[in-house]
There are 2 protein chains.
Amino acid sequence: MHSDQLRAHGLRVTKPRLAVLDILAAGGHLDVDEITRQARSRLDSVSTQAVYDVLGALTRAGLARRIEPAGHPARFEARTGDNHHHVVCRSCGAIGDVDCAVDYTPCLTPSQHHGFRLDEAEVTYWGLCPACQEITDD
Amino acid sequence: MHSDQLRAHGLRVTKPRLAVLDILAAGGHLDVDEITRQARSRLDSVSTQAVYDVLGALTRAGLARRIEPAGHPARFEARTGDNHHHVVCRSCGAIGDVDCAVDYTPCLTPSQHHGFRLDEAEVTYWGLCPACQEITDD
DNA sequence: GGCTAAAGTTGACTCGTTCCAGAAAAAGTG
DNA sequence: CACTTTTTCTGGAACGAGTCAACTTTAGCC
């Protein structure tokens, strides 16, 4: 149950949180608007702020992951723990998952690090999704 | 001369464009604010809008590259043509360059592409820059 | 030098997001 | 069950980054 997940991370179990967690668990990369809409269809009502709060809490707890593709509103996905990456459509912002291409993460070991203490390597593939290709091609 | 670069890309040579191109050529990863400030110190005056327009034109022409780290304002760098990546400080947004770790770009050939037509692979390393480490550590 | 399209100016405005206050409602604890 | 603390609510205001639109200026070409 998702309630256990919440408790395990020291978060209180509330309806909005369960709803959002449920929505994210269903898969996909949703923006705040979409999450809010879906949450409202499950509960009688949820405030926009509550959704932002919940997403913030889940992200901090590591139960959700925030994806912020340049030029598009932020999206969230259930964090599966694996180190996967994303394909983003330049035109509509659609997102797809991509497993790390190589076994060993070439990612986390850059040649130079300028003294930075690194904690994550993010890979984003940019292109056009099938739907947007059709529109552009015609 | 930078005027030639502009002309070569079909762009008219104007004072704001030369100034911005000059500033970028000096190196670094600057945000619009900083570019505007530097441009104003070279010219009598430049509108914020003009700076955005110029940066847009330069980016479209391939003379500049836009970097947009999640949670930080966009930054621009002179495009050197090589396929390098960036280290970004989570705290202050400072950016450093990193050459592609591997010779063959493992980057551009993800295992799955969901039908997307890809044109770029972006790698961002997240961490704390030396300065911010000190503040956090203490 | 004069013409025309491209580039710049100005100011209002959008968008996604955050913050704020105070009141109400739940959740966990003893 | 009563109590304390967290979370949520309503609603509004504010934010920074960036965009739009109408008008003026300027670069490049004859």
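Atoms considered below: every heavy atom in the structure, side chains included; atoms not considered: hydrogens, waters and symmetry mates. Sequence lines set the chain letters: A, B, ... in the order given, protein chains first and strands last, and positions in each chain run from 1. These numbers were taken from a predicted model, which means no experiment stands behind them.
Taking all atoms of both residues into account, the shortest heavy-atom contact from T36(A) to V32(A) is OG1-O, 2.6 Å. The two atoms that bring D97(B) and H29(B) nearest to each other are OD1-NE2, 2.8 Å, heavy atoms only.
Just one residue in the list L30(B), D22(B), L43(B), V51(B) forms a side chain to side chain contact (heavy atoms under 4.5 Å, CB included) with Q38(B), and that residue is L30(B).
For Q49(B) and dC20(D), a side-chain-to-base donor-acceptor distance below 3.5 Å is present, hydrogens and geometry of angles not being considered. No N or O donor and acceptor, one from the side chain of E68(A) and one from the base of dG16(C), sit under 3.5 Å apart.
At the heavy-atom level, R66(B) lies under 4.0 Å from the strands shown only through sugar-phosphate atoms. S45(B) comes within contact range of the sugar-phosphate backbone alone, with a heavy-atom separation under 4.0 Å but no base atom that close. Within the nucleic acid shown, A57(A) has no heavy atom closer than 4.0 Å to any nucleic acid atom.
Here the side chain of A74(B) is nearest to one of dG28(D), dG18(D), dT9(C), namely dG18(D).
Nucleotide dG28(C) holds its C1' atom 13 Å from the CZ atom of R17(A), rounded to whole Å. Rounded to whole Å, the distance from CG on D31(A) to C1' on dC15(C) is 13 Å. Rounded to an integer number of Å, the gap from R12(A) CZ to dT6(D) C1' is 4 Å. Rounded to an integer number of Å, the gap from NE2 of H9(A) to C1' of dT6(D) is 18 Å. L11(A) has its CG atom 7 Å from the P atom of dT7(D), to the nearest Å. Between the CG atom of D53(A) and the P atom of dT17(C) there is a distance of 14 Å, rounded to whole Å. Whole-Å rounding puts the L6(A) CG to dA26(C) C1' distance at 15 Å. Put simply, NZ on K15(A) is 6 Å from P on dA26(C), counting in whole angstrom units.
Residues R65(B) and H84(B) have side chains in contact (heavy-atom distance under 4.5 Å, counting atoms from C-beta outward).
Between Y52(B) and dG18(D), a side-chain N or O to OP1/OP2 separation shorter than 4.0 Å is present. Residue R7(B) has a polar side-chain atom (N or O) positioned under 4.0 Å from OP1 or OP2 of dG28(D). Contact between the side-chain N/O atoms of T14(B) and the OP1/OP2 oxygens of dG8(C) is found at a separation under 4.0 Å.
A salt bridge links E120(B) with R90(A): at least one charged nitrogen is closer than 4.0 Å to a carboxylate oxygen.
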